[in-house]
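Because the structure is a prediction, the values reported are computed rather than measured. Throughout, protein chains are lettered first and strands after them, A, B, ... in sequence-line order, and every chain is numbered starting at 1.
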Amino acid sequence: MKKGDHLFLVDGSGFIFRAFHALPPLTRKSDGLPVGAVSGFCNMLWKLLIDARDTSVGVTPTHFAVIFDYSARTFRKEIYDAYKANRQAPPEELVPQFGLIREATRAFNLPCIETEGFEADDIIATYARQAEAAGADVTIVSSDKDLMQLVTSMVHMYDSMKDKQIGIPDVVEKWGVPPEKMIDLQAMVGDSVDNVPGIPGIGPKTAAQLLEEFGDLDQLLARAGEIKQVKRRENIVANADLARLSRRLVSLRTDVPLDLDLGALVLEPQDGPKLIAFLKAMEFTTLTRRVATACDCNADEIEPAALKIEWGEAARGPDLDAGAPAPADTGEAAAEAPANPPKTPVARGTGAATPAELAGSRIEAFGRSSLDVSRYVTIRDVEVLDDWIRAARETGLVGFDTETNSLDPMQAELVGFSLAIADNTENPSGLDVRAAYVPLIHKTGVGDLLGGGMAENQIPTREALARLKPLLEDPSVLKVAQNLKFDYLVMKRHGITVESYDDTMLMSYVLEAGKASHGMDSLSERWLNHKPIAFKDVAGSGKAGVTFDYVGIDKATAYAAEDADVTLRLWMVLKPQLAAAGLTTVYERLERPLVSVLALMEERGITIDRQILSRLSGELAQKAAAFEDEIYQLAGERFTIGSPKQLGDILFGKMGLPGGAKTKTGQWSTSASVLEDLAATGHELPRKIVDWRQLTKLKSTYTDALPGYVHPETRRVHTSYSLASTTTGRLSSSEPNLQNIPVRTAEGRKIRTAFISTPGHKLVSADYSQIELRVLAHVADIPQLRQAFSDGIDIHAMTASEMFGVPVEGMPGEVRRRAKAINFGIIYGISAFGLANQLGIERSEASDYIKKYFERFPGIRDYMESTKNFARENGYVETIFGRRAHYPEIKSSNPSVRAFNERASINAPIQGSAADIIRRAMVRMEPALGNAGLSARMLLQVHDELIFEVEDEEIERTLPVIISTMEHAAMPAISMKVPLRVDARAASNWDEAH
DNA sequence: ACGTACACCTA
DNA sequence: GTAGGTGTACGTC
């Protein structure tokens, strides 16, 4: 084992315990063998392997072992006879499962490890320390506090049930002491379950406080006389020996003799048939199906394994006859991860051996297939609708699309919906798709003044939705949509929360960000060789355009059913490509879960105070008008100040001022920087233009426009986030864009005061400090940067000090400003031209700075070079989580196009990794708040900042949850080499909270 | 009515 | 120097 390797150590006994208690006790195989714990264990292990496997970078385990307790008789029992004496015998139905679980582990092709006389924890400790010494990272899959003493910067724990990483800060947060003091803390506190005595009257809080004061247990025992509280002092003095004994009991041994050395723990590929044979023997149908899909095996052709453990009639528990026994599959389903679509019927029967082959054959097959428009049907009564829904349930897969009368999902009314089903019983390659449209509120007539009544023979919306709801909310049926967030919101507003879904737009985004667009029409042309009917061909456009409820039902069916059909076909083409490219984890962890999170945020919206905006607008109008008068005076005529062309004529023509830069159309530029330069040479007019522009910009874009976005019913502003419109993985916000609300100038900041909390609440703003520079320090592994961030030093001052040899103390502001510009320049893929522009210095001087910078930080130059080379070789770059950003023009023969692509590909891993981190934080935020019993509502995201609305009384408890979730968001996939820092504040408006 | 250029707001 | 979105002017259809 070596540096860069990653060892996963699964606490098998802990897994069994949790699996047993998480599942209904009566889960049995058809012959009565209880298998609930086995089922839970297999599901948890499978999920862990899948979650960890698919990414090409980061957390991928290279070594893996599942560790079990051997027997109750351990060395601790020798030390202390009462150890674990309280422990009851395992429940009767668990006994036969221990052996099965070991068999299961071997069926997964994983080392199954136990050593006589030692507990699983000791084996884990031994392996963890050995791996750490070899320079490898370790993840201990357990949430047991007894293992927390092992946590270091290299060794983390991972609670797979809660998907929660436990690192040093989490231990400190939970117990009040760092991991290395956990032994002393446990020794003092004791453990009633394991019968570790501890010191009476000392709990975790007191123990942490005493350790803080005295350093460690030995010091405490030696100086116990100093403790003021009489009772506490007496307890400690009287029980000093018990505390020392307890310490021996809770200290994990790191010298357990091991049969297998680290090298033998190398993670082997799954043996599909072997695993399936075991799972079939256990009658775990859902997991069997899922594994078969992942391995592309045909489970029907595999014989169930012969089990070593049989369960005879005589051994049946009496409870089995008492009530109806639950089928084995029911218990298994209860342990499934909620968002995991269990059925992928069309994935089988193709004979493809690898994901890449499957992807290739799908592309080929679907590129040739044609859509059978004649089979599209209009559903006009519930009986037929029920038939379709039943078919969807049987297939476990359905294409879904909504039709509405507005592009704004917060305003849209549901006009109809369509379903597409893959009929794979006749055609195993899954090409046979049938689709239907269900019109709900189509009108007759053209919607003019005469109105036009409701068209006939439509299912009442209420009735149709009552039928549809169980399907959309059924976790065992996978719903496939294009840009699902829209449909998700529309359905949510109709009381339906879609569960188990895939989004073809997001799949395309993960596969091809930067290379191609992800709209349905272009996806269809690209992958299906089919041009779908254009919306404007059914609904018209412009003045002649109508909303979809005024489209005739026949035309609507052709359009809408086709959308569902195309979506389902796209899914079949794109899904295997994710696996083939190793991008499933990116899609499942960074994209798909954000659909519901963002939908929720958009639905919540944020309150704006229109009075404040209206007052500001008036002030801005007055000030702008005053400038206009002065501008006309100075220009000697009236003109359209907002027209760069007219302004250029005045400045550079009539007034004869020297022109600076040119725009790309050859006009003289009138940009702020040009005008600033002119102002500096003593001209009055340019300065006034700049000021006028600022005022009118604020007025038109913000104070005048924002009130128009207030929702008539909610009275709040609901932005729309786009998940798939940037190359790097950032979100974007529009209608209105709430990611560019002014903050830089005092005048602009006033607009932020109009974003307010509802009564009894505050807005909380939490933002990452310097996240992109921290990511840079991590990916380029720059010692000085890592050190500075670890020490909490001003990073720009440090840079300046390194470069110019100026001490940080008393550094002139200008020196720091230059270093700051350079740091930003680095992130943007620095060029001498750009840096010179930014700093207002000569290109040659900027060039010298860059040279100097690279001398001081050679690792940055290396990073940039290797990133560019990677981009040239692969056509894309990757974030630390494996997200790809494509730059197909990086080899352009045009030097400026090429240089631009090089800078962008240097920037993308940095910007994109930061974007991935906050995405992970957002995905975890809702459950984190929920688990903490907090009602805080996440409202907005602004790239490195999250804004929440929090009840006044909950603010104090909420801030640490938000901060911790954000700071630990990279883990466990990535252990950052620099800490992430988050600042958070609460106030009644966004300006003060920020 | 729609598209492009320019300018300018954010991280 | 990176990544976005929007308003205005002004061109084309």
Side-chain angles (χ1 to χ4, degrees), chain A residues 513-514 536 540-545 639-648 661-675 689-690 692-706 708-709 719-722 725-745 747-749 751-752 767-768 770-772 776 821-839 843 846 850 864 877 885 887 896 899-912 914-915 918 940-945 994:
Chain A
K536 66 177 196 307
S541 70
K543 213 172 171 186
F639 66 104
T640 307
I641 308 171
S643 163
K645 187 165 170 294
Q646 293 188 34
L647 177 62
K662 291 252 183 106
T663 69
K664 65 170 180 255
T665 52
Q667 297 271 329
W668 288 113
S669 166
T670 65
S671 69
S673 71
V674 169
L675 299 184
I689 301 281
V690 169
W692 177 87
R693 276 186 181 161
Q694 196 211 353
L695 297 171
T696 54
K697 170 79 178 178
L698 294 177
K699 182 170 184 295
S700 67
T701 309
Y702 302 106
T703 64
D704 291 355
L706 282 173
Y709 288 102
T719 184
S720 173
Y721 287 105
S722 170
S725 62
T726 70
T727 305
T728 55
R730 273 194 177 179
L731 303 179
S732 74
S733 155
S734 63
E735 292 180 299
N737 180 355
L738 295 185
Q739 291 180 322
N740 72 345
I741 302 303
V743 71
R744 242 181 53 256
T745 65
E747 195 74 37
R749 263 200 305 279
I751 289 162
R752 291 202 169 210
D767 67 298
Y768 283 107
Q770 309 277 19
I771 187 167
E772 294 194 347
L776 176 67
I822 293 166
N823 277 332
F824 274 96
I826 294 294
I827 291 172
Y828 296 153
I830 202 152
S831 77
F833 178 83
L835 183 62
N837 257 345
Q838 177 66 30
L839 285 175
R843 184 122 49 119
I850 295 170
M864 290 183 158
V877 289
Y887 294 95
S896 67
F900 176 81
N901 278 275
E902 286 174 354
R903 290 194 297 272
S905 45
I906 288 167
N907 171 256
I910 303 169
Q911 186 185 114
I918 197 165
L940 303 178
Q941 189 250 41
V942 192
H943 306 310
D944 66 358
E945 174 187 16
H994 184 74

For the side chain of [X], starting at C-beta, report the closest nucleotide among [options].
X      : options              : result
A/R903 : B/dA7, C/dG1, C/dG5  : C/dG1
A/T701 : C/dA3, C/dG7, B/dT10 : C/dG7
A/F900 : B/dT10, C/dG5, C/dT2 : C/dT2
A/S671 : B/dA5, B/dA7, C/dA3  : B/dA7
A/T670 : B/dC8, B/dA7, C/dT6  : B/dA7

Please state whether the base of B/dC8 and the side chain of A/K697 form at least one donor-acceptor pair under 3.5 Å?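 Yes, a donor-acceptor pair under 3.5 Å.
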Presence of donor-acceptor pair under 3.5 Å, side chain of A/Q739 and base of B/dT10: no
Side-chain donor or acceptor of A/Y828 paired with backbone N/O of A/A904 under 3.5 Å: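 Side chain of A/Y828 to backbone of A/A904, a donor-acceptor pair under 3.5 Å: no, none is there.
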Taking NZ, NE, NH1 and NH2 as the nitrogens, is one of them in A/E772 or A/R730 under 4.0 Å from a carboxylate oxygen of the other? yes
How close or far is atom C1' of C/dA9 from atom CD1 of A/I689, stated in whole angstroms? 15 Å
Please report, rounded to the nearest Å, how far the C1' atom of B/dA11 is from the CG atom of A/L738.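 In whole Å, B/dA11 C1' and A/L738 CG are 14 Å from each other.
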If you assign each of A/P736 and A/R730 to its closest nucleotide in DNA chain C, which residue comes earlier from the 5' end?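 Taking each residue's closest nucleotide, the earlier one in sequence belongs to A/R730.
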